[in-house]
Q: 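One structure, as C-alpha cells, below. Some questions next.
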Amino acid sequence: MSTGVLVDADHLATAVLALPGVAGLHGGRFGEISTFLPGRRVRGVRIRDDVVTIGVVARDAAAVPRLGDEVRAALGPLGRPVDVWVGDIAVPAVPAASLRHTTREEKKS
C-alpha cells in the first residue's frame, strides 16, 4: 500500500550526508540498503511503501546515540517510518605528526 508521498532517494542521501555526525552512507553487509535506479543505485537509502531505511557510517562513536533523531529530523515527514541503521564508525583522521617513525634510540630514552 502506498502512502502517496513520493520520496527521492538522491534528496534523502544529500540531506543525510550534510549531517555533522554522518561520515557516509552504508549499504549494509550485502548492499541491501540501496535504491536501484536506471543505471545506478543509491547506497544507504532503501525506500519501501511501508518504511524508509537509512544506512550510515557514524563520524565517531559519540554520534551514534543521537543519529536516529538527527536523520529523521533532517529528512522531515515522509509519510512512513524511518529506520536508521549504523553500519560502521569512521576511523578518525590521524595527524601526520603522530605517524612519525620512532627510532630505537628514541624508545630507550
Q: Short question: side chain of Thr35, backbone of Val45 - any donor-acceptor pair under 3.5 Å?
A: yes
Q: Listed by chain and number, what are the side-chain contact (heavy atoms from CB on, under 4.5 Å) partners of Arg40, not counting sequence neighbours?
A: Asp10, Leu37, Val42
Q: Please report the shortest heavy-atom distance between Gly44 and Leu25, naming the atom on each side.
A: CA-CB, 4.0 Å
Q: Considering all heavy atoms of both residues, which atom of Ala61 and which atom of Ile89 are nearest to each other, and what is their separation?
A: N-CG2, 3.7 Å
Q: Got a sec, which pairs hit salt bridge (Lys or Arg N to Asp or Glu O under 4.0 Å) with one end in residues 20-29, sequence neighbours left out?
A: none
Q: With sequence neighbours excluded, give me every ring-ring contact (aromatic ring centres under 6.0 Å, His included) pair touching residues 37-59.
A: none
Q: Going by the ring-ring contact (aromatic ring centres under 6.0 Å, His included) test, which pairs reach into residues 32-88, not counting sequence neighbours?
A: His26-Trp85
Q: Not counting sequence neighbours, which residues clear side-chain hydrogen bond (donor to acceptor under 3.5 Å, both in side chains) with Thr53? List them please.
A: Arg46
Q: Under 4.5 Å between side-chain heavy atoms, chaining through other members, with only Ile, Leu, Val, Met, Phe, Trp and Tyr counted: pull out the rest of the cluster around Val57, sorted by chain and number.
A: none
Q: Under the ring-ring contact (aromatic ring centres under 6.0 Å, His included) definition, can you give me all pairs with a residue in residues 49-75, not counting sequence neighbours?
A: none
Q: Looking at every non-hydrogen atom in both residues, tell me the closest pair between Ala58 and Val64 and how far apart they are.
A: CB-CG2, 3.8 Å
Q: Identify the two heavy atoms, one from Gly31 and one from Arg41, that lie closest to each other, and give their separation to 0.1 Å.
A: O-NH1, 4.2 Å
Q: Check step by step if side-chain contact (heavy atoms from CB on, under 4.5 Å) holds for Leu75 and Ile54.
A: CA-CA 10 Å; Leu75 299 181; Ile54 305 293; 3.9 Å; yes
Q: Is Ile33 linked to Leu17 within one hydrophobic cluster, defined over Ile, Leu, Val, Met, Phe, Trp and Tyr using a side-chain heavy-atom separation of less than 4.5 Å?
A: no
Q: Applying side-chain hydrogen bond (donor to acceptor under 3.5 Å, both in side chains), which residue pairs with at least one partner in residues 55-66 are found, sequence neighbours left out?
A: Arg66-Glu70
